[in-house]
Visitor: 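Take this structure, written in structure tokens, and hold onto it; I'll ask about it next.
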Number of protein chains: 2
Amino acid sequence: MATDRESVLLSAVGLLSRQPTAAMDEIARAAGISRATLHRLFPGREALFHEIGTLALERMESALNEAAVDEGDPVEAVRRLADAVIPHAQLVAFISGESRLFDDDAITDAWDRLDARVAALFLRGQQSGAFRIELPASWLSEAFFDLLAGVGWAVQDGRLAHRDSNRALTELFLGGAVRRD
Amino acid sequence: MATDRESVLLSAVGLLSRQPTAAMDEIARAAGISRATLHRLFPGREALFHEIGTLALERMESALNEAAVDEGDPVEAVRRLADAVIPHAQLVAFISGESRLFDDDAITDAWDRLDARVAALFLRGQQSGAFRIELPASWLSEAFFDLLAGVGWAVQDGRLAHRDSNRALTELFLGGAVRRD
DNA sequence: ATCAAGTGAGACAGTCATGTCTCAAGAGAT
DNA sequence: ATCTCTTGAGACATGACTGTCTCACTTGAT
């Protein structure tokens, strides 16, 4: 039941990441089901996108909680966040990059709140002296998601090995974000 | 004449960056012209995208040449590249991120060649000891464009000041890419 | 004032994706 | 073996976008 719906959502994200304009027809085929069944599971394209957004938000919130981004050393918190969120890089990259496709205010608002939570982590790190203050915290947050999305695409397209993805993200990002003397 | 076409292309990119599925109707309205004139300038959506891709390739190639990425210190070459390409961040970000929208083989092939030229810069920097070798050169290239795209969006959405964009890109990226002891 | 060129508004048919429906076939339980 | 539930295939009307065309209007030059 839920497993089924979720696998359909994930295959839809996989396709839509490459072809944002893919028709319901193609989405159904990518999931290995018929167009009729797809409409039974998600009544309409809007509903499908809504559930994709909801799933992405759930995963993202879980990752933030799991990583305990509000506690402890900010640098270590970023590493924990990368650990927790990289398994869902495709999904998060989709909602982050393609967020303009979501007309849904509830989704975009909730996303903005999660985004703000990440920005707060960087602001906290700047105040504690861990992160460079020359770069705005909002930019650090944006850059983190940009690179996360990039990792997601690179892995999906086979340009980056999955086992290298965590290092690729954290080393590059932290190298640029951590304050040095 | 050419100026007119170009301004239409740029406003189209501005709109399509936010709404990749925007109709010709909306593209025309965003450019301040009628749908009829838009079709006179660019006979069909495909032709419009083709010219956007061509323009982006021209700008990108000019930037690579201007920056002389094949010569001199790799770190300085990256700085020069950022200088040269940031004015066209929106355009390059569009073709880079939304490249899946281009069915045009000529465009994607030419883009891959330019992308490879950037990757060669990073490979050269790794061989000279300037850049970290733990990160694949292809990932450095990808990350550079991801961050460039992020800068483009952030500036467009007003989240980042234009005068800060160069520093935001080069400091974060080079901080993570440059080798340290 | 006249003329030429370009533009905008609207109409038009064609195409495609969508959402809904029906019906036949298959899977699984009893 | 039978029954029930779910699925897939296809048909259907609807709506949206596209590409093309016509016509009236404006602009600028002569």
Side-chain angles (χ1 to χ4, degrees), chain A residues 1-56 94-95 97-108, chain B residues 1-56 94-95 97-108:
Chain A
M1 33 185 294
T3 312
D4 204 20
R5 292 172 62 86
E6 191 173 300
S7 71
V8 172
L9 288 177
L10 291 179
S11 78
V13 169
L15 176 62
L16 289 169
S17 296
R18 300 167 180 274
Q19 284 186 312
T21 62
M24 296 291 276
D25 189 4
E26 306 170 270
I27 296 174
R29 211 176 310 138
I33 60 178
S34 71
R35 200 163 67 93
T37 302
L38 179 61
H39 269 87
R40 286 187 192 106
L41 289 173
F42 310 99
R45 191 184 182 82
E46 197 174 347
L48 176 67
F49 273 71
H50 180 83
E51 296 226 25
I52 289 176
T54 303
L55 181 62
F94 181 75
I95 193 181
E98 229 76 24
S99 65
R100 324 149 214 152
L101 290 184
F102 291 90
D103 286 342
D104 201 320
D105 284 344
I107 300 289
T108 51
Chain B
M1 33 185 297
T3 312
D4 204 19
R5 291 172 62 85
E6 191 172 300
S7 71
V8 172
L9 288 177
L10 291 179
S11 77
V13 169
L15 175 62
L16 289 168
S17 297
R18 301 167 180 275
Q19 285 186 312
T21 62
M24 295 293 276
D25 189 2
E26 306 169 90
I27 295 174
R29 210 176 311 140
I33 60 178
S34 71
R35 199 162 69 93
T37 302
L38 179 62
H39 270 87
R40 286 188 192 104
L41 289 174
F42 310 100
R45 189 185 183 83
E46 196 173 349
L48 177 66
F49 273 72
H50 180 82
E51 295 226 26
I52 289 176
T54 303
L55 181 62
F94 182 75
I95 194 181
E98 228 76 27
S99 64
R100 325 147 214 155
L101 290 183
F102 290 90
D103 286 341
D104 201 320
D105 283 345
I107 299 290
T108 51

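Lettering of chains follows the sequences in order, A, B, ..., and the numbering in each one begins at 1.
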Visitor: Determine whether a donor-acceptor pair (N or O, by modelled atom type, separation under 3.5 Å) exists between the side chain of Arg5(A) and the backbone of Leu41(A).
Guide: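 Yes: the side chain of Arg5(A) pairs with the backbone of Leu41(A).
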
Visitor: Between dT18(D) atom C1' and Leu48(B) atom CG, what is the distance in whole Å?
Guide: 13 Å

Visitor: Answer yes or no: is there a side-chain heavy-atom contact under 4.5 Å between Ile52(A) and Leu16(A)?
Guide: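 A side-chain contact exists here, since the closest heavy-atom pair is under 4.5 Å.
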
Visitor: Within this structure, what is the CZ-to-C1' distance between Arg40(A) and dT6(D), rounded to whole angstrom?
Guide: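 Interatomic distance, CZ of Arg40(A) to C1' of dT6(D): 7 Å.
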
Visitor: Which pair of non-hydrogen atoms, one from Ser17(A) and one from Phe94(A), has the smallest distance, and what is that distance?
Guide: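 Between these two residues, the closest heavy atoms are OG-CD1, 3.9 Å.
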
Visitor: Over how many whole Å does the gap from His39(B) atom NE2 to dT7(C) atom C1' extend?
Guide: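 My rounded result for the distance is 15 Å.
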
Visitor: Consider the side chain of Thr37(B), meaning its heavy atoms from C-beta on, and name the nucleotide among dT18(C), dC17(D), dT7(C) that approaches it most closely.
Guide: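 Among the listed nucleotides, the one closest to the side chain of Thr37(B) is dT7(C).
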
Visitor: Rounded off to whole Å, could you give me the CZ-to-C1' distance for the Phe42(B) and dT7(C) pair?
Guide: 16 Å

Visitor: Rounding to a whole Å, what distance do you find between Asp25(B):CG and dG10(C):C1'?
Guide: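 Taking CG of Asp25(B) and C1' of dG10(C), I get 12 Å after rounding.
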
Visitor: In whole angstrom, give the distance that lies between atom CD of Glu46(A) and atom P of dT18(C).
Guide: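 In whole Å, dT18(C) P lies 13 Å from Glu46(A) CD.
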
Visitor: Tell me which nucleotide among dC21(D), dA11(D), dA17(C) gets nearest to the side chain of Ala36(B).
Guide: dC21(D)

Visitor: Taking the side chain as every heavy atom from C-beta outward, state whether Asp25(A) and Arg29(A) have any atom pair closer than 4.5 Å.
Guide: yes

Visitor: To the nearest angstrom, how far is Arg29(A) atom CZ from dA17(C) atom P?
Guide: 10 Å

Visitor: Rounding to an integer number of Å, can you tell me how far Ile27(A) CD1 sits from dG19(C) C1'?
Guide: 14 Å

Visitor: Reckon Arg45(B) touches a base, only the sugar-phosphate, or nothing at all at heavy-atom distances under 4.0 Å?
Guide: sugar-phosphate

Visitor: Nearest nucleotide by nearest heavy atom, which residue falls closer to the 5' end of DNA chain D, Arg35(A) or Leu38(A)?
Guide: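 By nearest-heavy-atom nucleotide position, the 5'-most residue is Leu38(A).
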
